[in-house]
Amino acid sequence: MNVLILGLGGREHAMAWKIAQSPILTQLFVAPGNPGTAEVATNLNCSLSDFSTIKKIVLEHRIELVVVGPEVPLVEGLADYFFHDPMLSEVKFVGPDKHAAQMEGSKDFAKQFMMRHGIPTARYATFHAHEVEAGQAYLASLHAPYVLKADGLAAGKGVLILDSLTEAQEALKTLLSGQFGEASARVVIEEFLTGVELSVFALTDGKHYVLLPEAKDYKRIGEGDTGLNTGGMGAVSPVPFADADFMRKVEEQVVAPTMKGIQAEGMRYTGFVFFGLINVNGNPFVIEYNCRMGDPETEVVMPRIAEDVLPLLVAAATGGLEGKTLRFDERAAATVMLVAGGYPEEYVKGDVITGAGDTSGSIVFHAGTKLHDGTLQTNGGRVIAVTSYGSTIHDALEMSYCNAEKIDWRGKYYRRDLGMDLK
Ligand code: AMP
Ligand code: GLY
């Protein structure tokens, strides 16, 4: 089977690494990919918003299965494009259609969905551009800190958490007057929840699902969970507090009702459902849905899948997941994200990376790298994810930290405290 993965980050490298091990794989392509994916697949140059070039690639390389990494092409309707094109409609497609992708593409859509299906989430209200004053009054009825979310996709910058009421009221006004264009034409204001976050993933065919290994992502740039939010500074799996009892609650109170809702509403949802959860006094609440895998979570989730993932992806795309289960690797996995100095604010690209080939005991996933005249260089804020196995997440982290030292470039930074908050 010929497979195409769309995307260019560490998530897609981890997916490619896993799919490349499948005995039923013929050829693997990644578009556009990165120097890491080039080690296990053939990279094809392409913009993910350019659907007609994606079509050309699929036809030219006789692609039978497409796996979409990031959310943007899904929210822009890539699945619909495939379903409606007679030359593509037979291609197996892992990713929800445009309507179902609203679970991530619109915070208000997701909130209304959760309300309809009784899924635990923070209390909220949504305000439109002409409702600034009503929104400010709603803020005044809540307690600090205040959580404001641009309704649409805002490249990870659309969530504000503010301590002062005046600041929050000002921020609401700025958002609603178009700070993120159409994405902040509506703003969700919600109650602040206190607890530890957890990422849970399901793979679904729209009716049935399998759960993938859970993971914990470290979002803040600074040690001790301080400073600005990032795309993710590392991840571990399994997550110690997500014991059988907690995961049963997650499945009963969150995953099963979400899947039932997806089915009851007739959504065309094939692919990954990412439940961004928070553990509030032992009970799971949904912070957000994403219609794709997480990054860097994928860099620990894929290594912990103990069987061939390709038949499962085929089953998800073709309505065949009923009765399927998934074996997890008994070992723990951890990934440490090495980032460019200055990230998530301004940073430079094009610094020469050394030592990336010198890392036995770990798997190096490329996130933001490029090859320039044969040398490996930085090409993004998040540059390389160093993943390791261990008998515990702490052993796995130790190995990743050992190898994180060996990889270098000017200004490299990583958090050295991953896992310290967990037993
Ligand atoms: P999101 O883009 O929805 O994942 O939000 C970004 C981050 O903001 C989350 O990962 C949480 O750390 C935080 N966050 C979002 N909503 C809430 C909430 N209701 N209470 C506490 N923290 C939140
Ligand atoms: N690691 C969080 C995300 O992928 O959104």
Side-chain angles (χ1 to χ4, degrees), residues 1-46 48 53-70 73-74 78-79 82 87-95 201-205 208-210 212-213 270-272 292-295 297-321 323-329 331 333 335 362-367 385 387 389:
M1 165 170 295
N2 289 344
V3 177
L4 171 66
I5 300 171
L6 296 177
L8 80 177
R11 167 181 49 210
E12 289 75 21
H13 187 185
M15 288 176 168
W17 169 85
K18 183 68 186 165
I19 292 173
Q21 300 170 36
S22 173
I24 61 166
L25 179 74
T26 312
Q27 272 193 289
L28 181 60
F29 299 90
V30 185
N34 65 36
T37 63
E39 290 168 8
V40 288
T42 304
N43 286 348
L44 299 168
N45 196 19
C46 174
L48 297 186
T53 301
I54 295 173
K55 174 176 173 177
K56 269 199 211 123
I57 286 176
V58 167
L59 297 177
E60 185 182 330
H61 297 281
R62 300 175 184 280
I63 301 297
E64 295 160 87
L65 177 84
V66 175
V67 184
V68 185
L74 297 168
L78 184 60
F82 270 70
M87 295 172 84
L88 298 176
S89 58
E90 293 300 310
V91 177
K92 299 171 184 67
F93 193 94
V94 181
F201 304 96
L203 177 66
T204 184
D205 60 11
H208 312 284
Y209 66 90
V210 289
L212 310 184
T270 62
F272 299 102
R292 51 160 176 94
M293 285 297 293
D295 193 350
E297 289 94 328
T298 308
E299 289 92 310
V300 293
V301 171
M302 289 297 147
R304 288 205 64 229
I305 296 177
E307 55 190 85
D308 186 2
V309 79
L310 195 44
L312 283 165
L313 294 169
V314 170
T318 55
L321 277 179
K324 291 269 195 298
T325 53
L326 190 57
R327 258 185 321 110
F328 296 177
D329 196 304
R331 291 171 294 175
T335 197
S362 295
I363 312 162
V364 169
F365 292 124
H366 291 229
T387 295
Y389 288 107

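Just so you know, residue 1 is the first one in the sequence shown, and it goes up from there. Just so it is clear, the model here is predicted, and its values are computed rather than measured.
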Which atom of L6 lies closest to which atom of E12, heavy atoms considered: O-CG, 3.6 Å
Can you give the donor-acceptor pairs under 3.5 Å from side chains of residues 60-68 to other protein atoms, not counting sequence neighbours?
{"from": "E64", "atom 1": "OE2", "to": "N2", "atom 2": "N", "distance (Å)": "2.9"}

V210 vs T325, side chain to side chain contact (heavy atoms under 4.5 Å, CB included): CA-CA, chis, key distance, verdict: CA-CA 6 Å; V210 289; T325 53; 5.6 Å; no
L326 versus L212, closest heavy-atom pair with distance: CD2-CD2, 3.3 Å
N/O donor-acceptor pair under 3.5 Å between Q21 side chain and W17 backbone: yes
Heavy-atom pair of closest approach, residues H208 and T204: O-OG1, 2.8 Å
Flag, side chain of H366 to backbone of P35, donor-acceptor distance under 3.5 Å: no
Side chain N34, main chain L8, donor-acceptor under 3.5 Å: yes
Expected output: side-chain D205 to main-chain A317 donor-acceptor under 3.5 Å: no
4.5 Å side-chain heavy-atom contact, L48 and P70: yes
Inter-residue atom distance E307.CD - I305.CD1, 0.5 Å rounding: 8.0 Å
Partners passing salt bridge (Lys or Arg N to Asp or Glu O under 4.0 Å) against D329 (at least two apart in sequence or in another chain): R331
Between D308 and S22: side-chain donor-acceptor atoms closer than 3.5 Å: yes
Exercise: identify the closest heavy-atom pair between A38 and N43: CB-ND2, 3.5 Å
Point-to-point distance, once rounded to the nearest 0.5 Å, from CG of L28 to CG of L4: 8.5 Å
Atom pair CD1/OG1 of I363 and T335 - distance to nearest 0.5 Å: 8.5 Å
Parallel, tilted or perpendicular: rings of F93 and F82 (30°, 60°): tilted
Validation row: V3, F29 side chains within 4.5 angstrom (heavy atoms): no
Side chain proximity check, M1 to Q27, heavy atoms < 4.5 angstrom: no
Side-chain (T37) to main-chain (A41) donor-acceptor, under 3.5 angstrom: no
Rounded distance (nearest 0.5 Å) linking atom CD1 of I19 with atom CD1 of I5: 4.0 Å
For the student: nearest non-hydrogen atoms of G36 and H13, plus distance: O-NE2, 3.2 Å
Interatomic distance, F272 atom CZ to R292 atom CZ [nearest 0.5 angstrom]: 12.0 Å
Heavy-atom side-chain contact between V58 and L88 under 4.5 Å: yes
Heavy-atom closest contact (L321 atom, A315 atom, distance): CD2-CB, 3.7 Å
Expected output: side-chain K18 to main-chain L310 donor-acceptor under 3.5 Å: no
Test item: T270 side-chain N/O and G95 main-chain N/O as donor-acceptor pair under 3.5 Å: yes
Flag, side chain of E299 to backbone of A14, donor-acceptor distance under 3.5 Å: no
Any side-chain heavy-atom pair of I57 and C46 under 4.5 Å: yes
